[in-house]
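Keep in mind it's a predicted model, so treat the numbers as computed, not measured. Quick note on labels: first sequence line is chain A, next is B, and so on, each numbered from 1.
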Amino acid sequence: MITLTHYMVLSGILFSIGMLGVIRRKNLLMLFFSTEIMLNAVNLGFVAVSKYIGDLSGQMFAFFIIAVAASEVAVGLGLLVLWYKRKQTIDLDSLQSMKG
Amino acid sequence: MDSILTLLIFFPFIAGMFGFMIDQKSIRAYGISVAFIEFALSLVLWFGFDSQNPGFQFIEQFPLIPQYGISYFLGVDGISLFLVILSTFMTLIALIGLTIEKDVKNLIISILFLEMTMVGVFVSLDVIIFYVFWELSLVPMLYIIGAWGAKLRIYAAIKFFLYTFAGSLIMLVGILYMAYLYYQATGVWSFAIPDWQLLVVPFHIQLWLFAAFFIGFAIKVPMFPFHTWLPYAHGQAPTIGSVILAAVLLKMGTYGFVRFSLPMFPDASIYFITPIAVIAIIMVIYTAMIAYAQEDMKQVIAYSSISHMGIIIIGTFAMNAEGITGSIFLMLSHGIVSGALFMLVGNIYDRRHTKLMSEFGGLAKVMPKYATIFGIMLMASVGLPLTIGFVGEFLSLIGFYKVSPTMTFLAGTGIILGAVYMLSLYKKSFFGELTNEKNKNLKDLNKMELASLIPLVLLVAYLGIYPKPVLNPIDNSVKNMIELMEKKSITKEAKELIKKANSIEEAK
Amino acid sequence: MEKYVYLTLFAPLAGSLFAAMFGMSKKNLITGIVTSALLFVSLFSSLMLLGYVDEEHIVKVNLFDWISAGNFDVSFGFIADQVSVIMMVTVTTVSALVHVYSIGYMDHDEGFNRFFSYLSAFVFSMLVLVMSDNFLGLFIGWEGVGLCSWLLIGFWYYKKDLPREIYPAISPSWAANEAFIMNRIADLGMLIGLFLIYWNVGSLNYDVVFKNIPNVDISIVVLIGIFLFIGAMGKSAQFPLHTWLADAMEGPTPVSALIHAATMVTAGVYLVVRANEVFSLIPNVGMFIASLGAFVAVFAATMALVNNDLKKIIAYSTLSQLGYMFVAAGLGAYWVALFHLMTHAFFKSLLFLGAGNVMHAMNDELNIKKMGGLYSKMKWTAILMIIASLALAGIYPFAGFFSKDKILEVAFSEHAYILWFMLWIGAGLTAFYSFRLIMLVFFGEERYKRFGFHPHEAYAFMLWAMAPLGVLAVISGFFEHSFKEYVTAILPDYEAHIEPHIVGYVLIALTLTMALSGILFAVYKYSRGGFSKKWEETWIYKLLFNQYYIPQLYEKFITKPYAELSKIAWKDIDLKIVDSTVDFIATTLYDAGDKSRVIQSGNLSKMLRWMAIGLIVLLIAAII
């Protein structure tokens, strides 16, 4: 029997993977993947809890997140491509022109 | 007469705004006339004041943020009346004695803004309005020290600003908590001082609130060990800045004690009498010693200010009408005398561009008028009877004697040590042989300088001989306040102390 | 009669203000004349009051309220009763004559107008002191005379500090400050006394205080007595606050005559006499006062024995005579104290004015070793000074005999035999040093010629101004009985009871013998050239000559440490500890900001890391 705990653990593991990616990765594309993983980890949690307590608002939230994430990726990837065209790199350490 | 207080506050502000349109050449005359009208207005206030009525008069009130009980609420009583007059008077005198040429327009406009905030602090009866003026007063002063000061002016200005600002922020926390307490107790929000004075606060909360207000006031006074901004501020400020700083801005702190700490937290005030008196005694003796060690004339007077403020604190915490009335009178007299002394130092600085006593000596020979006026102010400063300085000092000490004879004795050493540093200053600068070549052709005071100093001399003598017109209204309001304190005090010790402090020993 | 009170009081003030108007201009004889004339007005009206005041007629005036706050209420009230009238007459007599004298003495001084302004202001303050009907009014006068004394001692303020061998460097301004500060120390004591009176009686008016003082707890009365006497010790220069008086001789000589001999320094005695109802309740304190007085009487006389400074000798003699007055006052014989105060005022000011003539003649030289044989040049001065010295020594029929002898009688009849013995020794010493001075100045070898001086007699009108004092120094003793009757109307009557009578006569004879032998010894010794050089080598001579090393002690253990301590308080404590702490807090905050600025590197991956850390911290915080 797969209980809520299993879902939550899975969600937690996914989130941690995403977070490690955010911390460790220097490639912008990889960063996008990592954030997507984190978002999906959260989605998983929302859906699971929603099912468990029989309230649909969790699932609605998940849809919202998917929609927002999709648009964010669209904008983000657009910018990324533009950046790559200018600098020939998508390494994170090259984005330091606003250093204080 | 209905909105005279509003007029008093905002007249210098509006006049200052118009000042931007005035030509650089005529700005001095303009500034002096504005200050004079303002002073005349404050005199009108005095004539309209009913000295038999101990409560607040000329009340103006209309709500600003009614949801939170914040209103534009003004009024004066005997305690604040003369501080208002002192502010307008000293501003006028300081402007008459002004000798700075550089950017004089901006300077005069700053002074007029400063005048607004000073009057505002003393007539506000709403704590928020009070706080606003209290903080606003820092800005023109910051500018005056920072723009017209001596070498270290930026350091001094920032130190002055941040130090006092930090203190008042702690006070702000106290203010908000007090408002919350008031809301809890009554169910309505109010920031009106008369309302707050009626609120009985539980003892342990009083202690915390007292401490919060204390820090705000103590830095302003300034009390030991929060005093170190003052010598820098005075040392670097231009003469006019020092005059107003010493004469009025410092009094805001002691005024705060009388207006807030005593009537709102009577039990805490009495609980803290001993530590505060100890601090005050340290102020009196320690800063008097430091003043004696100074080489710079202006620093002597700066430190002497702290020493005198110690006596004011002592009087304020005497808890009887003698002491508190005395301390308020001493605020006035110290304002006049220290203001005059700073102006005098400014006069010699204008001539010689130094304030070091070692540069002088024998000045009495070349500048007899200057020496005479300096001598009179010196005697007022050491508290010679029949000068203004004696009345307040005597009353403050006699008041505190009832609370603690030993501590009064220690604070009383101020009259000895005061004579020590003042007379040694006078001897070093005015007596002895005229040895320094540069001093041989110094000019005596000119007409403008005399015009600014002679009113002060007359006042020093007049209020020393006949202080009654001033003492009377103060005394009425103070008695009223003490009655209130006795009624609302909750601890037994406080009740007993107030009773004891206000009664003559029963003869057997 | 009120008008005479006002006239006495305000005539000198008017004179002072008049002279002050000319204060910064050149010498103007009119200031001297007007102030002197006004002083005679004052003298005249106080004489009118003297005739008027008796038991039924005591004049009281109330000018206006001064300070009132809480229960405290004091007004400018003045009273002319027997005691204050006596003081008024004494003060105005001496001051009027000193004013006239000063016109001559200050003739060539550029500060002529200023001098008269100060001098009249002094008289006004002194009159406030003696005429006030409350303690605070007395305190006004008390401080007022202190101020005028400061102004007048430092009159020649432009003189520079002259270094002395072992003493601190001296100048008029230094001496003035010393006097003012030492008096302030005592004034604090006096203020504490006033506070005590107020909080126990509820008023500072003499009437109320004296009526209620018997009801006050005796331990409080003792404290009041002690503190008031501390005040008196400062003004009257009693040990250990005596050093200022000798240094005060830096001032012009008429000042020394008026302030530091006849009037101001006796204010302490006046205070004790005035507050007799307080002091008679506490005989123990009275005994202390008397003992201190007797000690000072001998102590000061010994210092006068060897001093070579013309004015300082007389100053020490004043000190010693003040000791005598305190003996009488302390033992309860208030009228005797007052009587000696009065006679002393006459002959001591005369002595000082004579010294002024000598100084003028000798171009301000003060060392009596450089004088001698001046009798031939200044006969009248010499005669007047001899009269004064005889009065001072207490030789019949001069004034000092009556008053001083009375004090010895009092001591004897109170069974204070030790005090009597000390005073008796003191009488001998007094006689000796007075005539040592006379002999060294006026007789013997004309040493001044060696130093190139050309002495001359003073102006005639100066001598005429001294003449009334000379007359008074001779005759005032004979008024003893009427004086006693007059003042004992309000002072406690005191009659020395010495049984059997013959003992009394023996005592008088003893004292007189002592005084005469002092004089004869001085005359004998100094007509033969004085003591040998060997005497000056002895330790006792050095001890006396250096005033028991007390000024040095003060310099070493009070003045210098205070200056050092002040420096430490400023440079080490205030700047290095208090201010540094404040700056430390400020710089710590500033540095913390500066250090943490590195975090904002702009590197996205680092910021993401910080974000993750923040997230974790917040999550943990939320769980806890």
With sequence neighbours left out, the residues meeting side-chain hydrogen bond (donor to acceptor under 3.5 Å, both in side chains) with C/Glu143 are C/Arg184

Applying a strict 4.5 Å limit to non-hydrogen atoms, the region of C/Ser173 in contact with chain B is both

When the 4.5 angstrom heavy-atom criterion is applied to B/Thr435 and chain C, the contacting part is neither

| What orientation do C/Phe64 and B/Tyr466 show, parallel under 30°, tilted 30 to 60°, or perpendicular over 60°? | perpendicular

Quiz item: Between the side chains of B/Tyr286 and C/Asp574, does any donor sit under 3.5 Å from an acceptor?
Solution: yes

Comparing C/Leu191, C/Leu196, C/Leu151 against chain B, the one with the most heavy-atom pairs below 4.5 Å turns out to be C/Leu196

Under 4.5 Å to a heavy atom of chain C? For B/Ala501 that would be backbone

Pair count under 4.5 Å, heavy atoms only, with chain C: among B/Pro231, B/Gly375, B/Ala293, highest is B/Ala293

For residues C/Phe227 and B/Phe409, establish whether the separation of their ring centroids is below 6.0 Å.
no

With chain C, the option among B/Lys479, B/Lys369, B/Lys468, B/Lys402 that has the most non-hydrogen atom pairs under 4.5 Å is B/Lys402

Electrostatic pair C/Glu110:B/Lys365 at N-O distance under 4.0 angstrom: yes

Applying a strict 4.5 Å limit to non-hydrogen atoms, the region of C/Ile573 in contact with chain B is both

Per-residue tally against chain C (heavy atom, under 4.5 Å) across B/Thr325, B/Leu471, B/Ile324, B/Leu384 peaks at B/Leu384

From the list C/Trp66, C/Tyr198, C/Phe195, ring-ring contact (aromatic ring centres under 6.0 Å, His included) with B/Phe394 holds only for C/Phe195

One option among B/Phe226, B/Tyr303, B/Phe329, B/Phe224 has the most heavy-atom pairs under 4.5 Å with chain C, and it is B/Tyr303

* **Backbone N/O of B/Lys427 and side chain of C/Trp174: donor-acceptor pair under 3.5 Å** => no

Value for CD1 (C/Ile192) from CG (B/Leu397), rounded to nearest 0.5 Å, stands at 8.0 Å

